[in-house]
K.L.:
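Take a look at the following structure, please.
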Number of protein chains: 2
Amino acid sequence: MAALTGRASFGRQRARAARGRAGARSIKRFSRLFASRLSKGLHLRRITIADIAQRAGVSTGAVSYALNDRPGVSADTRARILAIAGELGWEPSSAARSLSGARTETVGLVLARDPNTLGFESFYMQFIAGIESELAKRSYGLLLQVVPDLEAEMRAYRKWRAARRVDGVVTVDLRLDDPRVPWLTEPDSIPAVLVGDPVLAGGLTSVWTDDASAMRESVRYLHAMGHRRIARVSGVKSFGHTQIRDDAFRDETARLGEEGQIGRTDYTPDQGAGATRTLLTRADRPTAIIYDNDVMALAGLGVANELGILVPAELSIIAWDDSPLCVATYPRLSALSHDVTSFGAHVARRLFDRIEGAKGGSFLDSTPTLRPRGTTARYVGP
Amino acid sequence: MAALTGRASFGRQRARAARGRAGARSIKRFSRLFASRLSKGLHLRRITIADIAQRAGVSTGAVSYALNDRPGVSADTRARILAIAGELGWEPSSAARSLSGARTETVGLVLARDPNTLGFESFYMQFIAGIESELAKRSYGLLLQVVPDLEAEMRAYRKWRAARRVDGVVTVDLRLDDPRVPWLTEPDSIPAVLVGDPVLAGGLTSVWTDDASAMRESVRYLHAMGHRRIARVSGVKSFGHTQIRDDAFRDETARLGEEGQIGRTDYTPDQGAGATRTLLTRADRPTAIIYDNDVMALAGLGVANELGILVPAELSIIAWDDSPLCVATYPRLSALSHDVTSFGAHVARRLFDRIEGAKGGSFLDSTPTLRPRGTTARYVGP
DNA sequence: CGTTTGGCCTGAACCGCTTAATGTGTTGGA
DNA sequence: TCCAACACATTAAGCGGTTCAGGCCAAACG
């Protein structure tokens, strides 16, 4: 026995211990297991680190260290454990992990929007796809919740925090004086990345696009094309980015000596069409309209067609958020193009940084660029 | 002491036990806690059922029974426990719950689609919103994963099962001979609800819409309007519902003595436009086209405009899956309308039934109904 | 009046993993 | 040669619930 190597003797010890433990677990335990197997139809017991430990002749602690790539095991023990884990097809129990204080391996996203209007905001789906692309790399999951309003969103956060459900959250549609900001700033809160302008994020980590610049560029572009009456059909006023675009729009039109009109909507094509109709039936109707999303731009195009106003000869149209939709219409919609999927990925990366303890900060994503297509043209007078 | 009520004496016992335990936990434990408080900035310890038990003067077991609405506690003890739990703002730890074999309170959804094409399938977002509406009622969460292909989807399922991550899954985009069906049929698999025709679901629970009827109705409608050359622009061939619609389309056109053409796409507007162009530049071009989704119908409308073909005078267009998009265009798209949000809710309800042990079965959701708008009209010859 | 019965509760094991604290041999230095 | 330092492992105490086998006591029964 004394001649045995350290490992072998550990192995024996281990085996003995295991046998002892199994005995101690007694008939009670066994019968319970058996009963559950019967009732649920011969379940295969799940593979745990204890199984790996037994096979490798080490303790569960060692297995845990090895599987988590932490010091405390030798290189070859680690390799052996990893091999066995692979062979057995072991998957960590996220429940056990998070219960013992480690990561949940889940991030949360709450969408506070009317379910019925959500469907045609292609932004979210693309954004989610982008987030997922990063999560997949670290085998994280995305916990999604669709709620009617901000209060419900806060409730969801509170619940997630209390239940230790997520490691972090992505927060979208920031508002002015957003209640989520102070809440997420509390010392005990969930690590978060806010999507929106730093001025709205109150020092928390934020990822943003320079919408103001994009708006200014668009206005200048239209002005240079001879447009003198430029309008904007905007989204929900309480959203921060709406205000930012509003301000930039007003500012830039004023700077160019124009009077910029703004129509207000809830992002639905219906209201987009309504706002367009209002604008186009005025005596001094605009010769160009910038829409806050693509479906409203599409709706606007429809209204123009209906009213017999030629696009782009008599009216130029620009959509915010380029999408396949924009190239599906005829004429094709000129749009402010932004890669929403990679934006989502960017957000996810920042969230991981944050989860790993990075300090807050604001990160500028690429600025939407104007992509002129068939709905913008030089304006040559009535 | 003997004169005390049972409850009061239990309370004392309990308190003593608690003190004893706290003592046994020793300085080691305390210092650890303290250290973590210091490092993370005075965390409030989370509220557990032990806290509730202590306050109520009962055991944690009793608290568990009370909170889960199970027999084993008297009505007023239950009420007292519930009150204290509310007062303390207790939230169950989902990790602890799932670890001890109970529910995860999470359902999973894997979307095997190219992230870039996902954005403009309004179907999914609406569908998800519908699912969420039911989940919210039971405070379940939705774990979402976007993957590139079926294999990755299977991996996700396997992982979720191994990690006990979800209580059930919703499976979409069924195919002929879908590998997910046998997998989900295995005795040890995850409870699932399949979205698709029962013939594809192999006995598992499925929720479906009668696409064949809807297709037949559309073809008959167009035929009755004088159309004699009806075409279809379909989606991905490997999807089961594509085949079902194909078959119904071919069958019904043949029955009416027409030759029904089918163009194949991947659901993108780009390919929808391409297929339309091919169809419309033939010598005997169709006078009506039925599209498999709304964005392709939109793209088709664009191509017709571009080619100078008048819609609906010379060409009728029908979109599958009505959406706000359909009323944003000019003319408005005639569409097969289906309430996708409530469809999602229906699916979620069936999944809960399944999780609670219901047998498989197939459930017919409402059949899409044709909603004629501006893109369908009587055909009066060339 | 002794004995079931049944309602309420307690105690403690257990779920699978993490992680301090605590051994053990081995080495290297004095 | 002896001891400290070190590398590797083990042990066992949690994490926060669930659940089952009792225990206790009052009511019902024979």
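In what follows, chains carry the letters A, B, and so on, assigned in the order in which the sequence lines appear, proteins first and then strands, with residues in each chain numbered from 1. Quantities reported herein were computed from a predicted structural model and do not represent experimental measurements.
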K.L.:
Using whole Å, report how far CD1 of B:Ile49 lies from C1' of C:dC9.
P.N.:
14 Å
K.L.:
Phosphate oxygens OP1/OP2 of D:dC15: is one of them under 4.0 Å from a side-chain N or O of A:Ser100?
P.N.:
no
K.L.:
Within this structure, what is the CZ-to-C1' distance between B:Arg80 and C:dC9, rounded to whole angstrom?
P.N.:
12 Å
K.L.:
Could you check how far CZ of B:Arg70 sits from C1' of C:dC8, rounded to whole Å?
P.N.:
14 Å
K.L.:
Select from B:Val73 and A:Pro92 the residue whose nearest nucleotide in DNA chain C is closer to the 5' end of that strand.
P.N.:
B:Val73
K.L.:
Under 4.0 Å between a side-chain nitrogen and a carboxylate oxygen: does that hold for A:Arg161 and B:Glu91?
P.N.:
no
K.L.:
Starting at atom CD1 of B:Ile52, determine the distance to atom C1' of D:dG16, rounded to an integer number of angstrom.
P.N.:
11 Å
K.L.:
Cationic tip of A:Arg350 within the cone over A:Phe363's six-membered ring, i.e. under 6.0 Å and within 45° of the normal?
P.N.:
yes
K.L.:
Consider salt bridge (Lys or Arg N to Asp or Glu O under 4.0 Å). Of B:Glu186, B:Glu151, B:Glu153, which one does B:Arg180 pass it with?
P.N.:
B:Glu153
K.L.:
Assign B:Ser64 to base, sugar-phosphate, or nothing according to its heavy-atom contacts below 4.0 angstrom with the strands shown.
P.N.:
base
K.L.:
Separation of B:Gln54 atom CD from C:dT10 atom C1', in whole Å?
P.N.:
16 Å
K.L.:
Is there a donor-acceptor contact under 3.5 Å from the side chain of B:Ser64 to the main chain of B:Ala62?
P.N.:
no
K.L.:
Please give, in whole Å, the distance from D:dG14 P to B:Arg46 CZ?
P.N.:
18 Å
K.L.:
Rounded to whole Å, how long is the line connecting atom CG of B:Leu88 with atom C1' of D:dG16?
P.N.:
15 Å
K.L.:
Hey, is the side chain of A:Tyr65 pairing donor to acceptor with the base of D:dA7 inside 3.5 Å?
P.N.:
no
K.L.:
Does a nitrogen or oxygen in the side chain of A:Thr77 sit under 4.0 Å from OP1 or OP2 of D:dC8?
P.N.:
no
K.L.:
Judged by each residue's nearest nucleotide on DNA chain D, which is more toward the 5′ side, B:Gly61 or B:Leu99?
P.N.:
B:Leu99
K.L.:
If each of A:Asn68 and B:Ala62 is mapped to the nucleotide of DNA chain C with the nearest heavy atom, which maps nearer the 5' terminus, i.e. the 5' end?
P.N.:
B:Ala62
K.L.:
Rounded to the Å, how far apart are B:Trp90 CH2 and D:dT18 C1'?
P.N.:
11 Å
K.L.:
Hey, is the side chain of A:Arg97 poking within less than 4.0 Å of OP1 or OP2 on C:dG16, counting only N and O atoms?
P.N.:
no
K.L.:
Cationic tip of B:Arg138 within the cone over B:Phe352's six-membered ring, i.e. under 6.0 Å and within 45° of the normal?
P.N.:
yes
